[in-house]
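Each remark here refers to the structure printed beneath this line.
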Amino acid sequence: MNSSQNIQNSIILSIFKEVRTVFRLRDIALIVGENNFESLNKKLNYYVRTGKLLNPRKGIYAKPDYNNEELACLLYTPSYISLEYVLQKAGVLFQFDSRITSISYLSRSIEVEDKAFVYRKIKGEIIANTKGISRKISQVNIASPERAFLDLLYLSKNYYFDNLNPLNKEKIYELLPLYMSKALTARVITLFPDD
């Protein structure tokens, strides 16, 4: 095996050793210690052509079994998964929706390999506050059900929620000041009277 093949094998092995499944070119450059982006890009494109890696979006490389939540957080940063996606998983919303919904600095809807990703814009101060957002090892930022509930209520004033029972009222009131909104506070008090 020649040294060029050894380098190529070490690149693919380094990528597959990572917990993450989705990467930007600069992420891979850091992982493999490569400074020559042009050369690395050529090698990665070879892996895409041979089926070892996917290229779901320009500048993004992924393992064949990549995590869509990870991709959602990488497409637009800063962002975090929230809204209907989280509330559906928590049992607050019953209607199935296959889209991954996120909060970001812009509003966009995009489709990547038949998967829909929806981003809703919210004020920068709200995005910057990480209270009620967990970060998984795989770089997935995801809102708690309470944070997702407040995000959705903040963006859609008259949204109908199927089941509020899974939500923790104390956590909602703890997160409420992040939004600095009297209208949101009034709506929360209507849905969760402060005893």
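Note that the structure is predicted; figures quoted are calculated from it, not measured. Reckoned from all heavy atoms, side chains included, excluding hydrogens, waters and symmetry mates.
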Intermediate values then yes/no, side-chain contact (heavy atoms from CB on, under 4.5 Å), Leu75 and Tyr119: CA-CA 10 Å; Leu75 287 171; Tyr119 297 85; 3.3 Å; yes
Side-chain (Lys169) to main-chain (Pro193) donor-acceptor, under 3.5 angstrom: yes
N/O donor-acceptor pair under 3.5 Å between Glu69 side chain and Ile81 backbone: no
Donor-acceptor pair, side chain of Glu34 and main chain of Ala29, under 3.5 angstrom: no
Donor-acceptor side-chain pairing of Tyr46 and Asn41 below 3.5 angstrom: no
Pair Asp151-Ser82, side-chain donor/acceptor within less than 3.5 Å: yes
Lys115 backbone acceptor or donor facing Asn68 side chain under 3.5 Å: no
Working for side-chain contact (heavy atoms from CB on, under 4.5 Å), residues Tyr66 and Glu113: CA-CA 12 Å; Tyr66 71 89; Glu113 296 183 349; 2.8 Å; yes
Residue list, side-chain contact (heavy atoms from CB on, under 4.5 Å) with Ala90, at least two apart or on another chain: Val92, Pro145
Centroid-centroid under 6.0 Å between Tyr159 and Phe161 rings: yes
Value rounded to 0.5 Å, distance of CG in Leu53 from CD1 in Ile15: 5.0 Å
Value rounded to 0.5 Å, distance of NZ in Lys131 from CZ in Arg147: 10.0 Å
Glu111: side-chain contact (heavy atoms from CB on, under 4.5 Å) partners, not counting sequence neighbours: Asp114
Ser14 side-chain N/O to Val32 backbone N/O, donor-acceptor pair under 3.5 Å: no
Any donor-acceptor N/O pair, Asn129 side chain to Ile126 backbone, under 3.5 Å: no
Cation-pi check, Lys63 onto Tyr61 ring (under 6.0 Å, within 45° of axis): no
